[in-house]
Amino acid sequence: MHIAVVGTGIVGACTAAWLQRDGHQITFVDPLEPGEACSFGNAGSLSPSACLPVGMPNMWKKVPSWLLDPLGPLTIRTSYLPRVLPWLVRMLQHSTPTEVTRIATALQTLLRPIFECYDPLLQHADATSLVRRSGCLYVYSSREAANQWKWGMALRQSLGVNLINVERDELEELEPDLKGRFRFGILAPDNGSTLDPSQLVKALVAQSVRDGARHDHRSVTGFEREGKRITGLRMDSGEPLAVDGVVVAAGAWSGQLAKQLGDRVPLETQRGYHVTVRSSNLKLRHTVMASENNIMVNPMAMGLRLAGTVEFAGLERPPNYERANALLRQGQMLFPHLDTSEVTQWMGHRPCMPDSLPVIDRSSKAENAWLAFGHGHMGMCMGATTGREVAHLVAGRTTQVDLSPFSARRFR
């Protein structure tokens, strides 16, 4: 079949690659170049341990203090509050211990086969050097401070995540640049990361193009139908694109397309910021998650990337780069000797659902349309597994993951 994949982020790239393995002809549809939206600026984590949702038990107690700090881990632009408030209420409803356990269990089914699903795609694209499996360190000021996250860590372990306590001396041996600031850590040795998330996406798409795919740089505005089948994509210019099927993997812009296909989903954009210290003089060997500071630190090919802030302001508002500056100040507090003479900043739109579960499903009212979006800040983690499962759906095969928790109809 000729299948249009709407979106050239990591989910679209992986989906196309898995579909090509089944012999389908692919057309990417995206006005942007591959890896230039959210896939460009994420923290690069490839983490089987990242199965906890955004909404955790008792988080509601922290929200007021977060909102009072304009540069804290969570902020909402005042004019956007009426629109996002129902979504936030839904998120808090999914933050009970029972719901968090259900959600984490579902997420783990997508995260457990991360490398199993990436490996054949990376090997085919000659891009294995862009991924490393060096582990992730969760670091804390003390063992007592780490106890605040004890329930979540125990849930991870109950789902099969390998976690190892690291005392102060061993922590400083593993990461000498952490000396003096952190006194306790938890190592997730099975985690990995990418040296350059944008280049990873570009490599996968480039291989798809070498395998016969093409890239239509227009925007999709709607769909042409015959009965229950999509026969073409209406575009913002020129002639419609005739297709035999379509996968909507357009990240934060997927909601309106899904609605036209018959599925109303509460998709929201969590605007994420990062700062990359290009002149980094640190020699970190692991991805580092400083939970008390709400910041993830990943040594990448282009420098040290600091990420970990959420803003609700919609798709149209300009960035507030003071939030990136706040991340940099956090980095300087964590690493007083950090050379910040050369830095870059970024803001992107993470496509989020209130229960932190993506949508991976067949469209309700179009038998040859499929949905793959809403991965939040874990698109890089779940992109390859999502692509494999979408390929199963398209082929009519039994999926390897139970996709019922990711149904587009779960919010009806």
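Position 1 is the first residue of the sequence; numbering continues from there.
If you look at W253 and H349, their ring centroids are closer than 6.0 Å. Ring centroids of W87 and F312 are separated by less than 6.0 Å, placing the two rings close together.
For the 3.5 Å distance criterion, the side chains of E322 and N325 qualify, holding a donor opposite an acceptor. If you check the side chains of R388 and T399, you find no donor sitting under 3.5 Å from an acceptor. Side chains of S49 and N191: a donor-acceptor N/O pair is present below 3.5 angstrom, by distance only.
Proximity of a side-chain donor or acceptor of D196 to a complementary backbone N or O of Q199 within less than 3.5 Å is detected. The backbone N or O of T8 sits less than 3.5 Å from a side-chain atom of D30, completing a donor-acceptor pair. Of the possible donor and acceptor atoms, one in the side chain of Q260 sits under 3.5 Å from a partner among the backbone N and O of T221. For S254 (side chain) and G251 (main-chain N/O), a donor-acceptor pair under 3.5 Å exists by modelled atom type.
Salt-bridge annotation for R229 and E367: present, with a side-chain N of the basic residue lying under 4.0 Å from a carboxylate O of the acidic one. Under a 4.0 Å N-O distance rule, the pair D177/K283 does not qualify as a salt bridge. A salt bridge between D339 and R278 is absent, with no side-chain N of the basic residue lying under 4.0 Å from a carboxylate O of the acidic one. The pair E167-R183 fails the salt-bridge criterion, with no side-chain N (NZ, NE, NH1 or NH2) lying under 4.0 Å from an Asp/Glu carboxylate O.
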- Message: T309 vs N294, test: side-chain contact (heavy atoms from CB on, under 4.5 Å). Steps then yes/no.
- Response: CA-CA 7 Å; T309 181; N294 292 291; over 6 Å; no
- Task: Verify side chain to side chain donor-acceptor pair (under 3.5 Å) between R305 and T276, making sure each step is shown before the conclusion.
- Result: CA-CA 4 Å; R305 179 158 294 174; T276 301; 3.1 Å; yes
- Step-by-step side chain to side chain donor-acceptor pair (under 3.5 Å) determination, Q400 to H392: CA-CA 8 Å; Q400 291 173 252; H392 289 327; 2.8 Å; yes
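Paired with F182 under the rule side-chain contact (heavy atoms from CB on, under 4.5 Å), one option of L137, V166, L171 passes, and it is L171.
Remark: R264 CZ is loosely packed, at most 12 non-hydrogen atoms of other residues, nucleotides or ligands lying under 6.0 Å away.
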